Amino acid sequence: MNIIKELRLKRGITQSELAELCSVHQTAVSQWEKGRTLPDKQTLVRLSDIFNVSVDLLMGKNETSKKNLIPVLGYVRAGMPIEAYEDVIEYVEIPDAMATTGDYFGLKVTGDSMTPKICPDDIVIIHKQDYIESGEIGVVLVNDLDATVKKVIKKGTSLTLVPFNSAYEPMIFTPEEIVTLPVRIIGKVVELRRSFI
């Protein structure tokens with residue numbers, strides 16, 4: 001059986017659903033499964049992420065190890081919140097041990113409010129969760145549009161988002177603002193990836 005078809009059936013999704021996940025037409029999926037065409041490189045990476053397998057396995061090579069690729073979804077500001085985009089700009093790999101502990105995604109950082117710990121162009125790896133302990137670094141969504149990465153301090157039912165850079169002021173949200181804006185924690189920063197190139 002074709003590997004893409006086998007993985008799709010194991011996942012329990014239709015050709016149409018897989019096509020939608022890959023942003024292609026259903027006929028493309030049908031052609032892949034019949035072995036008439038191959039997905040392009042970008043689509044292979046996306047399929048690798050969807051099925052949590054290596055690109056080599058998708059290409060029929062004798063590779064059985066899983067490749068834990070997670071999407072880097074646009075940018076998050078280390079500064080004042082900016083509009084949160086969910087466009088996949090690249091994929092990064094996480095270790096097997098991490099991949100078994102939940103859902104993860106990456107965000108590329110802009111702004112300098114978290115320097116020197118987190119700098120512009122760093123990629124932060126985030127564990128998806130709606131709760132973090134006071135003092136942990138989280139990604140917080142404000143107005144369901146604006147994402148920012150900050151140290152989160154909880155005092156009673158209020159929330160303070162604290163920058164590491166002293167040139168920036170903390171952002172304080174009252175219990176009412178948390179509900180009405182709203183202000184939501186979307187994940188905990190668990191790792192940082194930095195390139196020196």
Side-chain angles (χ1 to χ4, degrees), residues 23 41-46 48-50 52 54-55 65-155 158-174 177-178 181-197:
S23 302
K41 187 176 179 181
Q42 184 177 353
T43 307
L44 279 169
V45 172
R46 187 168 290 185
S48 170
D49 181 48
I50 291 166
N52 195 27
S54 69
V55 171
S65 63
K66 290 186 177 182
K67 189 150 189 155
N68 303 307
L69 293 173
I70 61 168
V72 177
L73 301 173
Y75 295 84
V76 62
R77 190 167 179 83
M80 292 303 292
I82 60 170
E83 188 172 352
Y85 294 97
E86 288 201 355
D87 295 327
V88 177
I89 58 173
E90 63 182 287
Y91 289 85
V92 295
E93 190 172 357
I94 59 172
D96 289 342
M98 183 185 288
T100 59
T101 62
D103 293 328
Y104 292 85
F105 63 98
L107 287 170
K108 197 157 202 174
V109 174
T110 64
D112 64 354
S113 77
M114 294 300 279
T115 57
K117 283 192 176 181
I118 302 174
C119 301
D121 292 326
D122 285 348
I123 292 173
V124 286
I125 307 300
I126 295 127
H127 181 259
K128 290 182 186 178
Q129 56 191 73
D130 58 10
Y131 178 86
I132 62 174
E133 298 291 337
S134 184
E136 294 181 326
I137 300 172
V139 177
V140 182
L141 199 62
V142 182
N143 293 320
D144 284 329
L145 286 174
D146 302 324
T148 188
V149 57
K150 291 285 182 294
K151 182 177 180 180
V152 178
I153 302 295
K154 298 177 179 180
K155 293 179 181 174
S158 68
L159 212 59
T160 303
L161 307 182
V162 181
F164 289 138
N165 185 338
S166 60
Y168 290 82
E169 294 291 325
M171 293 181 280
I172 302 169
F173 297 97
T174 66
E177 288 173 325
I178 291 169
L181 285 174
V183 179
R184 294 190 300 118
I185 292 163
I186 59 173
K188 174 183 172 181
V189 176
V190 295
E191 188 178 313
L192 182 143
R193 306 279 178 95
R194 179 173 295 167
S195 173
F196 294 99
I197 298 173

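For this chain, numbers begin at 1 and follow the sequence in order. Bear in mind the structure is a predicted one, so any value in this text is a computation, not a measurement.
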If you compare all heavy atoms of Arg194 against all heavy atoms of Ile118, which two are closest, and at what distance to 0.1 Å? NH2-CA, 4.1 Å
Considering all heavy atoms of both residues, which atom of Asn165 and which atom of Asp112 are nearest to each other, and what is their separation? ND2-O, 3.1 Å
Is there side-chain contact between Val55 and Lys41, with heavy atoms separated by less than 4.5 Å? no
Non-hydrogen side-chain atoms of Ile137 and Phe164 separated by less than 4.5 Å: yes
Those residues at least two apart in sequence (or on a different chain) that pass side-chain hydrogen bond (donor to acceptor under 3.5 Å, both in side chains) with Thr101 are Tyr104
Please round to the nearest 0.5 Å and tell me the distance separating atom CG of Leu73 and atom CD1 of Ile123. 11.0 Å
Is the shortest heavy-atom distance from the side chain of Asp144 to the side chain of Pro182 under 4.5 Å? yes
Test of understanding: with side-chain contact (heavy atoms from CB on, under 4.5 Å), list the residues that count as partners of Ile153, not counting sequence neighbours. Ser134, Lys151, Lys155, Thr160, Val162
Lys188 meets the side-chain hydrogen bond (donor to acceptor under 3.5 Å, both in side chains) criterion, sequence neighbours left out, with Glu136
For a side-chain contact (heavy atoms from CB on, under 4.5 Å) check, start with the C-alpha distance between Val183 and Leu141, then their side-chain angles and the critical distance, and finish with the verdict. CA-CA 6 Å; Val183 179; Leu141 199 62; over 6 Å; no
Less than 4.5 Å apart, any side-chain heavy atom of Ser23 and any of Thr43? no
What is the distance from atom NZ of Lys108 to atom CG of Asp122, rounded to the nearest 0.5 Å? 9.5 Å
May I ask you to check whether over 12 heavy atoms, not counting those of Lys154, lie within 6.0 Å of atom NZ? yes
What pairs with Asn143 under side-chain contact (heavy atoms from CB on, under 4.5 Å), at least two apart in sequence or on another chain? Asp146, Leu181
Could you tell me which non-hydrogen atom of Val189 sits nearest to which non-hydrogen atom of Ile126, and how far apart they are? CG2-CG1, 4.2 Å
Shortest non-hydrogen pair, Val149 vs Met114, comes out as O-CG, 3.5 Å
I need the minimum non-hydrogen distance between Ile70 and Gly106, along with the two atoms involved. CD1-N, 4.0 Å
Are the side chains of Phe173 and Val142 in contact, using a 4.5 Å heavy-atom criterion? yes
Applying side-chain hydrogen bond (donor to acceptor under 3.5 Å, both in side chains) to Glu191 and not counting sequence neighbours gives Arg193
Take atom CD in Glu177; do more than 12 heavy atoms of anything else shown fall under 6.0 Å from it? yes
side-chain hydrogen bond (donor to acceptor under 3.5 Å, both in side chains) partners of Ser158, counting only residues at least two apart: none
Minimum heavy-atom separation for Lys150 to Ser113, with atom names? NZ-OG, 3.1 Å
